[in-house]
Engineer: 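The structure under discussion is supplied below as structure tokens; questions concerning it will follow.
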Amino acid sequence: MENTKKLNVLVVGSGGREHAIVKAVKKSPLLGRLVCTPANGGIARDCETAAVSAEDIDGIVALAKNGGFDLVISGPEVPLSMGLADKLRAEGIAVYGPNKDGATLEASKAFSKNFLKKYSVPTAAGENFTDIAKAVEYIEKAPYDVVIKASGLAAGKGVVIPENKAEAIAAAREMLEGGAFGDSGREIVVEEKMDGEEASIMLMVCGDKYIMLPASQDHKRVGEGDTGLNTGGMGAYAPAAVATKEVLDDVRKNIIAPTLAGLKTEGIDYRGTLYVGIMITKTGAKVVEFNVRFGDPECQVLMPLIESDALELMNDIANGKLDESKVKISDGFAAIVVMCAAGYPNKYAKGAKISLPADSEIPDGAWIIHAGTKASGGDILTAGGRVLGLVGTGATLTHALDKAYDLCKKTSFDGAFYRRDIAHRELRRMGLLK
Ligand code: AMP
Ligand code: GLY
């Protein structure tokens, strides 16, 4: 029978997203050896690790080749945009993650904007600029409020939502002339500010076939009630009911179908996650952004909802043979609360000792996901701003949240804080929050 050989798997990355991937892959009976590079303190408790940086492309290719790995799963976008998947495929190693051409959908918002326009995918009106005078003229004439985006990768910080046109012009100037975001800001996208509620739609794409994972919702702001500075994400839950069946039908028909057809026309053989950030507006769902990897922390609530074999699914996609009928998604809920170090997203301390619950205190259907941690002796220390993700699953959203918050109470380190209102929009809709 095909596929009876065990699969040796290399996961690239070191955050919460990669820890969730490791935990999902570990459940598979198909798994042989599992290595994560460069990993973190918690991942190191779940599998072997290596010390090659996620951005050392030649180092990862050498590791994959010499270690006899069958499948490489790239967590982050940067290695993909540097051509990691192309190089591995050239060596005959299967990869879950797109080649450099596909990764451009995230690495260049200007490319993405042109792509969306070319294939008539609903998105905000807008234009790309490298010339400040032309950008200023466009901003001044625009009949709508605008958003200014650095085209290149900017670790989630390259979007400015100005209060008025003067602020918009200043932001454009800082990017194009002031070197804000370095090379990533040498081209900008100026686009219409959209109104509505956001949702993240994660697709696992294999050419023209795909699995749509449950819609999720991230919480970007550091403070309760969505206040304060932007972060990498303070929590998430899935499924997000704001993405109703009607919304998802609209997304499938008007966003996903033309996007996958467009990729094919462009000659892009896409195999990996396509993250479609949408704004649910009065005139339908519109694309806010594409990412070419799982969201973090969205991945941490989606992995537990994949009931079928996640490794088999990623391996099938990597090998170009997705069979949608084999994939089973739970009809339950999952929630994650991210525990951060005091000061985050500004300057924060590292090296605090983390007190974690014993395995026997972690209920079924709950996971402790490590993000910014490192192992030191027998201890786990904080090593990042977003330190841990406490994940709960359950038959209802409140069950999932209760489990996640219960784990928060059993976990501590000096200066730890977390948002106590994850899923507040949904809870309010359900009448459970004023
Ligand atoms: P991006 O990096 O493109 O995801 O943008 C980061 C965040 O900026 C998004 O999650 C939205 O909250 C916001 N954003 C981006 N583009 C727009 C837009 N055209 N209208 C309103 N909000 C936007
Ligand atoms: N949670 C948003 C992202 O991963 O881009």
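All ligand and atom numbering here is 1-based and tracks the order in the structure. Hydrogens, waters and symmetry mates play no part in the numbers below; they use all other heavy atoms, side chains included. Remember, it's a predicted structure, so these values are computed and weren't measured experimentally.
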Engineer: Considering only the protein, which heavy-atom contact is closest to atom 10 (O) of ligand 1, and what is its distance?
Structural biologist: E198 OE1, 2.7 Å

Engineer: Under 6.0 Å between ring centres, would you say that holds for Y237 and F333?
Structural biologist: no

Engineer: Got more than 12 heavy atoms from elsewhere within 6.0 Å of NZ, K403?
Structural biologist: yes

Engineer: Could you give the distance from CD (E167) to CG (D145), rounded to the nearest 0.5 Å?
Structural biologist: 11.0 Å

Engineer: What atoms of ligand 2 come closer than 4.0 angstrom to any heavy atom of D218?
Structural biologist: 1 (N), 2 (C)

Engineer: Any protein heavy-atom neighbour for atom 13 (C) of ligand 1 (distance below 4.0 angstrom)?
Structural biologist: yes

Engineer: Heavy atom of G295 under 4.0 Å from ligand 2?
Structural biologist: yes

Engineer: At what distance is the nearest protein heavy atom to atom 3 (O) of ligand 1, and which residue and atom is it?
Structural biologist: K109 NZ, 3.1 Å

Engineer: With backbone taken as N, CA, C and O and side chain as the heavy atoms from C-beta onward, which portion of E289 lies under 4.0 Å from ligand 1: side chain, backbone, both, or neither?
Structural biologist: side chain

Engineer: Taking L7 as the fixed residue, which of L31, L311, L34, V25 is the one that meets the side chain to side chain contact (heavy atoms under 4.5 Å, CB included) rule?
Structural biologist: L311

Engineer: Indicate yes or no: does an N/O atom of E191 lie under 3.5 Å from an N/O atom of ligand 1?
Structural biologist: yes

Engineer: To the nearest 0.5 Å, tell me how far C36 SG sits from L10 CG.
Structural biologist: 7.5 Å

Engineer: Could you check whether the rings of F294 and Y96 sit parallel, tilted or perpendicular, using 30° and 60° as the cut-offs?
Structural biologist: parallel

Engineer: N/O to N/O below 3.5 Å, does that happen between M279 and ligand 1?
Structural biologist: no

Engineer: Specify side chain, backbone, both or neither for I161, according to which of its non-hydrogen atoms lie closer than 4.0 Å to ligand 1.
Structural biologist: side chain

Engineer: Is E289 in contact with ligand 2, taking contact as a heavy-atom separation below 4.0 Å?
Structural biologist: no

Engineer: Distance under 4.0 Å to a non-hydrogen atom of K149: what atoms of ligand 1 satisfy this?
Structural biologist: 3 (O), 15 (C), 16 (N)

Engineer: Counting only N and O atoms by type, is there a donor-acceptor contact under 3.5 Å from the side chain of D226 to the main-chain atoms of R221?
Structural biologist: no

Engineer: Could you tell me, atom by atom, which parts of ligand 1 come under 4.0 Å of a heavy atom of V288?
Structural biologist: 3 (O), 9 (C), 14 (N), 15 (C), 16 (N)

Engineer: Give me the residue, atom name and distance of the protein heavy atom closest to atom 8 (O) of ligand 1.
Structural biologist: V159 CG1, 3.6 Å

Engineer: Please check: side-chain N/O of T265 versus main-chain N/O of A261, any donor-acceptor pairing under 3.5 Å?
Structural biologist: yes

Engineer: Give the residue, atom name and distance (to 0.1 Å) of the protein heavy atom nearest atom 4 (O) of ligand 2.
Structural biologist: R293 NH1, 2.8 Å

Engineer: Among all protein heavy atoms in this structure, tell me which lies nearest to atom 20 (N) of ligand 1, with the distance rounded to 0.1 Å.
Structural biologist: M194 N, 2.8 Å

Engineer: N291 heavy atoms, cut-off 4.0 Å: which ligand 2 atoms fall inside?
Structural biologist: 5 (O)

Engineer: Within the supplied structure, the quantity of interest is the number of heavy atoms (other residues, nucleotides, ligands) at a distance under 6.0 Å from H399 NE2; does it exceed 12?
Structural biologist: no

Engineer: Shortest non-hydrogen contact from E426 to L397?
Structural biologist: CG-CD2, 3.4 Å

Engineer: Over 60° means perpendicular and under 30° means parallel, so classify the ring planes of F115 and F290, tilted if in between.
Structural biologist: perpendicular

Engineer: Measuring from the heavy atoms of R17, does anything fall under 4.0 Å of ligand 2?
Structural biologist: no

Engineer: Look at ligand 2 and say whether Y275 reaches it with a heavy atom at a distance under 4.0 Å.
Structural biologist: yes

Engineer: If you count the atoms of ligand 2 from 1 in the order shown, which ones are under 4.0 Å from a heavy atom of K220?
Structural biologist: 2 (C)

Engineer: Rounded to the nearest 0.5 Å, what's the gap from NZ on K141 to NZ on K165? Could you check?
Structural biologist: 11.0 Å

Engineer: With a 4.0 Å cut-off on heavy atoms, does K220 reach ligand 1?
Structural biologist: no

